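Everything below concerns the one structure shown next.
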Amino acid sequence: MYDVIIIGAGPAGIAAAIQLKRAGTNIILLERKKVGGLLNNASLIENYPGFPAGIFGADLVRLFQKQLEVHNIKPQFLEVKSIDNRASTFFIKTNHKTFCSKTIIIASGSIPKKLNGEVNLSKRKLFYDLDQLSDVEGKTINIIGSGDIAFDYAINVANAARQVNLFIKNKTKCIPILYKRALKKQNIKIYKFGKFDSIPSDHTLVAIGREKKLPFISKSWQDLLANDSDALEKLGIFLAGDIKLQNFRHTAIAVGDGLNTAIKVGRFLSCQSK
Ligand SMILES: Cc1cc2nc3c(=O)[nH]c(=O)nc-3n(C[C@H](O)[C@H](O)[C@H](O)COP(=O)(O)OP(=O)(O)OC[C@H]3O[C@@H](n4cnc5c(N)ncnc54)[C@H](O)[C@@H]3O)c2cc1C
């Protein structure tokens with residue numbers, strides 16, 4: 001029986017794990033893909049304090065990984081499939097085995113919004129996360145999206161691709177610094193979304209926004225959380241990071257929220273044991 005099961009080893013889950021481990025709490029950190037979460041897709045992070053020149057997402061992940069090792073936290077690479085509770089025990093079913101805990105921190109982040117029939121994709125290979133796209137060297141990559149993530153992907157991919165075509169729906173929504181950087185890259189061209197079907201590519205990357213989904217909890221819990229992200233805290237289920245902070249998706253916020261949540265969980269556990 002664990003005190004806390006943390007779902008997701010992105011910035012929020014990592015921060016929560018380190019804080020709880022330091023406090024001597026019996027935890028397990030479950031991750032379905034890679035340590036670092038969305039940071040694996042990010043290029044230069046310039047708004048995370050402590051790195052005056054910015055830090056590449058992959059380098060920050062390496063530092064987070066190192067810090068997990070220092071605290072002897074070994075993430076288990078398993079995907080959570082369902083959560084159940086009986087009396088005051090949670091049963092967390094993964095693709096491999098089931099774990100029991102007194103509390104849960106869900107730090108599972110966001111998922112990409114999908115295109116639905118807006119463009120003719122019959123002959124296109126479609127990707128929604130940059131880390132799924134391994135072979136961009138010398139290729140033509142079409143990117144659909146107009147926000148920070150689409151521009152970040154374009155700037156990143158343009159370092160290796162032959163040509164990057166960025167398709168914007170209405171107007172650009174990214175921060176000006178990313179827009180200026182994209183304009184400076186000779187191999188990035190910006191088009192209106194309507195042009196997409198007429199411009200061929202080797203691959204298409206879609207970045208049209210992200211949403212929160214909790215497929216591994218019951219419909220009744222999902223409904224409660226839709227109105228109030230703290231609604232299940234009385235039971236011992238806590239949300240942290242992007243999954244909770246839908247419109248404030250940044251690394252420093254996710255880390256701070258992970259830490260905040262860890263402290264709340266610590267207090268919850270000490271009240272339970274009295
Ligand atoms: C291209 C790009 C550029 C960015 N640039 C910046 C930037 O410049 N500055 C900045 O501050 N932020 C940036 N961000 C945002 C930042 O990466 C996120 O805000 C941050 O990673 C959120 O952390 P999180 O831990 O809440 O979620 P995530 O990083 O999404 O981590 C969630 C983790 O949970 C795991 N998970 C999900 N479901 C399950 C399951 N069922 N079982 C087990 N594990 C599961 C996922 O695999 C993932 O590893 C960028 C993001 C992207 C995509």
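Read the numbers this way: they start at 1 and go in the same order the structure lists the ligands and their atoms. Note that the coordinates shown come from a computational prediction; the quantities given were computed from them, not determined experimentally.
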Practice task
Go through ligand 1 atom by atom and flag the ones less than 4.0 Å from a non-hydrogen atom of G241.
Solution key: 26 (O)
Exercise for the section: Would you check whether L44 reaches within less than 4.0 Å of ligand 1, judged by its heavy atoms? Expected result: yes
Problem - side-chain contact (heavy atoms from CB on, under 4.5 Å) assessment of Q272 paired with K102 - result: CA-CA 9 Å; Q272 297 293 96; K102 295 177 192 165; over 6 Å; no
Completion exercise
Per-atom filter on ligand 1: closer than 4.0 angstrom to a heavy atom of A254 are 22 (C), 23 (O), 26 (O)
Handout entry: Structural part of A12 in contact with ligand 1, heavy atom criterion under 4.0 angstrom
Key = both
Handout entry: CZ (F91) with more than 12 external heavy atoms under 6.0 Å
Key = yes
Problem - Test item: side-chain donor near acceptor, Q19 and R22, under 3.5 Å - result: yes
Exercise for the section: May I ask whether R210 has any heavy atom positioned less than 4.0 angstrom from an atom of ligand 1? Expected result: no
Problem - Donor-acceptor side-chain pairing of N142 and T204 below 3.5 angstrom - result: no
Exercise for the section: Evaluate the side-chain proximity of L130 to D152: yes if any heavy-atom separation is below 4.5 Å, no if none is. Expected result: no
Completion exercise
for atom 47 (O) of ligand 1, nearest protein heavy atom and its distance come out as E31 OE2, 2.6 Å
Exercise for the section: May I ask which of I14, D242, D148, N40 has a heavy atom nearer to atom 18 (C) of ligand 1 than the others do? Expected result: D242
